[in-house]
Number of protein chains: 2
Amino acid sequence: MATTTAAQRREQARIEYDAFLKSCPTNQLLDRISDKWVSLVVSALAPGPMRYSDLGRRIAGVSPKMLTQTLRSLERDGLLTRTVTPSVPVRVDYELTALGQNLALLLTAVKDWAETHFDEVHRSRAAYDAGNPDD
Amino acid sequence: MATTTAAQRREQARIEYDAFLKSCPTNQLLDRISDKWVSLVVSALAPGPMRYSDLGRRIAGVSPKMLTQTLRSLERDGLLTRTVTPSVPVRVDYELTALGQNLALLLTAVKDWAETHFDEVHRSRAAYDAGNPDD
DNA sequence: CGGAATCCGAACGGATACTG
DNA sequence: CAGTATCCGTTCGGATTCCG
């Protein structure tokens, strides 16, 4: 019976471990906000409310699918509100909640960091690549 | 010749646009640091240097592949240094650079935010899901 | 110990087309 | 205008195996 014990133990460990990971709130939430589109959307909405197509134009490179998907998840997480105005052409506004504004401060800081230190990173990259040309 | 113009124009626009995106430093770098493993590794290394296997144990859930991959990209970007000590069993230490420490402050703040506000987010999620059970 | 290489399923994400 | 639905290539990332 020793033939299956190792595999079984590993499987068992994997299951328990998986449950542990799913129960770890930080990991979950961190994974959610560590998303490219999340950063961009939240940063874009930081100054004030914006319409769907305005967001699409401002963010540049986002597909309708990703934009909607990101907005939905942010709405679900209570980071922004979605307001539908049933005019002749429908109008939908998105606005950060207090919680969202809170997060925006952090993400904007990260964005600023990226802008500020990009040249350093870029130089470091070039130096690294010069050392390992065949990577 | 109008038959191909539309497609060609779209293709052309896509190429130009792609070049624009690739030339946009912020987007690039933001995408890089908006990574789950990057946050975790940088946070883990914030207090001080750590060995490869210590990182693997501390981060919990990272595969050797992802850990190495993340460490390599961070080293390439000049956010950490890799020091090999050729002992009998090889020993490799990873340590944040000044730039890495700098980023660590921000990412740790984000991590703390996630821990602090998780319950709010979780409640919001439950409420949202209650309203749209068949999503 | 600290990786590198490979395989492979799952998920991400873009393009397109259609709806209300 | 503000999406939704589908297709489909690309990437992510875990498991496994092997090397110095």
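Letters A, B, ... mirror the listed sequences (proteins, then strands); counts begin at 1.
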Query raised in the report: Rounding to a whole Å, what distance do you find between A/Gln69:CD and C/dG14:P?
Result: 10 Å
Query raised in the report: What pairs with B/Trp113 under ring pair (Phe, Tyr, Trp, His ring centres under 6.0 Å), at least two apart in sequence or on another chain?
Result: B/His117
Query - Euclidean distance, atom CE of residue B/Met50 to atom P of C/dG2 [Å, nearest integer] - result: 13 Å
**Report entry** All side chain to side chain donor-acceptor pair (under 3.5 Å) counterparts of B/Asp31, not counting sequence neighbours
**Finding:** none
Report task. With sequence neighbours excluded, give me every ring-ring contact (aromatic ring centres under 6.0 Å, His included) pair touching residues 57-82 of chain B. Result -> none
Result block: side-chain N/O donor-acceptor pairs under 3.5 angstrom for residues 59-68 of chain B, not counting sequence neighbours:
unit_1  : atom_1 : unit_2  : atom_2 : d
B/Ser63 : OG     : B/Met66 : N      : 3.4
B/Thr68 : OG1    : B/Tyr52 : OH     : 3.0
B/Thr68 : OG1    : B/Pro64 : O      : 3.0

Query raised in the report: Closer to the 5' end of DNA chain D via nearest nucleotide, is it B/Met66 or A/Pro89?
Result: A/Pro89
Report summary line: the helix from C/dC1-D/dG20 to C/dG20-D/dC1: angle between terminal helix axes, five bp per end, to the nearest 10 degrees, reads 50°
Query raised in the report: With sequence neighbours left out, what residues match B/Arg125 under side chain to side chain donor-acceptor pair (under 3.5 Å)?
Result: A/Asp77
**Report entry** Minimal non-hydrogen separation, A/Ala46 against A/Gln101, with atom names
**Finding:** O-OE1, 3.6 Å
Report task. Would you give a per-nucleotide map of nucleotides 2-10 of chain D, 5' to 3', where B means the base has a protein non-hydrogen atom under 4.0 Å away, S means only the sugar-phosphate does, and - means neither? Result -> SSS--B---
**Report entry** Separation of C/dC12 C1' from A/Leu67 CG (nearest whole Å)
**Finding:** 16 Å
For residues 82-91 of chain B, which side-chain N or O atoms pair as donor and acceptor with protein atoms under 3.5 Å away, sequence neighbours left out?
unit_1  : atom_1 : unit_2  : atom_2 : d
B/Arg82 : NE     : B/Tyr94 : OH     : 3.3
B/Ser87 : OG     : B/Thr85 : O      : 3.1
B/Ser87 : OG     : B/Pro89 : O      : 3.4
B/Arg91 : NE     : B/Asp93 : OD2    : 2.8
B/Arg91 : NH2    : B/Asp93 : OD1    : 3.4

Report task. Sequence neighbours left out, what passes side chain to side chain donor-acceptor pair (under 3.5 Å) with A/Arg58? Give chain and number order. Result -> none
Query raised in the report: What is the distance from CZ of A/Arg32 to C1' of C/dA11, rounded to the nearest Å?
Result: 14 Å
